[in-house]
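Structure, as structure tokens:
Nothing fancy with the numbering, it's 1 onward along the sequence.
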Amino acid sequence: EGCDRVLIVDWDVHHGNGTQAIFEEDPRVLYVSLHRFPFYPNTGSPQECGLGPGKGYTVNVGWPEGGVGDAEYLFAFEKLV
């Protein structure tokens, strides 16, 4: 047996472009990345939301610069995820 659905939450300064590339076509995986944008590796735009059957299962939250705190993360999870 395995899992029917998986949630991956990635939060740090860099977008998880490799992880997104692996799962962006898989509707069984919800991939959420919270990162600085634009910033290296210049991926992770909010418009990147998955491909094909995985469309809508990738959520990118890009913060413009530092100073992000609890209130911003709560907002992101309550309204976007």
Side-chain angles (χ1 to χ4, degrees):
E1 286 195 38
C3 297
D4 292 328
R5 295 182 289 171
V6 174
L7 168 64
I8 299 172
V9 178
D10 178 1
W11 75 97
D12 62 51
V13 71
H14 302 103
H15 174 243
N17 57 318
T19 305
Q20 178 176 311
I22 292 169
F23 296 108
E24 65 188 346
E25 294 187 48
D26 191 338
R28 299 169 301 163
V29 177
L30 176 60
Y31 174 66
V32 179
S33 179
L34 301 104
H35 53 274
R36 189 166 163 194
F37 182 81
F39 196 66
Y40 179 84
N42 297 316
T43 58
S45 159
Q47 288 76 32
E48 295 176 31
C49 57
L51 299 173
K55 188 167 180 114
Y57 292 90
T58 295
V59 179
N60 282 298
V61 179
W63 309 116
E65 293 204 15
V68 177
D70 292 347
E72 290 82 7
Y73 278 93
L74 285 171
F75 180 86
F77 277 93
E78 290 175 355
K79 302 296 183 185
L80 302 175
V81 179

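Of all the heavy atoms in Gly44 and Asn60, the pair that sits closest is O-CB, 3.3 Å. Residues Ala76 and Val61 come closest through the heavy atom pair CB-CG1, 4.2 Å. Looking at every heavy atom in both residues, Pro53 comes nearest to Pro27 through O-CB, 3.3 Å. A pairwise comparison of heavy atoms in Val68 and Glu65 identifies CG2-O, 3.7 Å as the closest pair.
Atoms CG and CZ, on Asp26 and Arg5 in that order, are 12.5 Å from each other to the nearest 0.5 Å. Here Glu24 contributes atom CD and Leu51 contributes atom CG; the two are 4.0 Å apart, rounded to the nearest 0.5 Å.
Other residues, nucleotides and ligands contribute over 12 non-hydrogen atoms within 6.0 Å of the CG atom of Asp12.
Between the side chain of Gln20 and the backbone N or O of Gly16, no donor-acceptor pair lies under 3.5 Å.
Phe75 and Trp63 fall into different hydrophobic clusters, defined by Ile, Leu, Val, Met, Phe, Trp and Tyr side-chain heavy atoms under 4.5 Å apart, directly or through other members. Under the 4.5 Å side-chain heavy-atom criterion for ILVMFWY residues, a single connected hydrophobic cluster contains both Tyr73 and Leu30. Hydrophobic clustering, with ILVMFWY side chains joined whenever heavy atoms are under 4.5 angstrom apart, keeps Phe39 apart from Leu34. Taking hydrophobic clusters as Ile, Leu, Val, Met, Phe, Trp and Tyr residues chained together by side-chain heavy-atom distances below 4.5 Å, Tyr31 does not share a cluster with Leu7. Transitive grouping of hydrophobic side chains (ILVMFWY, heavy atoms separated by less than 4.5 Å) brings Trp11 and Leu80 into a common cluster.
The side chain to side chain donor-acceptor pair (under 3.5 Å) analysis of residues 34-46, with sequence neighbours excluded, yields the pairs His15-Thr43, Ser33-His35, Ser45-Gln47. Applying the ring-ring contact (aromatic ring centres under 6.0 Å, His included) definition to pairs two or more places apart or across chains, none involves residues 41-62.
Judged as a ring pair (Phe, Tyr, Trp, His ring centres under 6.0 Å), and not counting sequence neighbours, Phe77 has no contacts.
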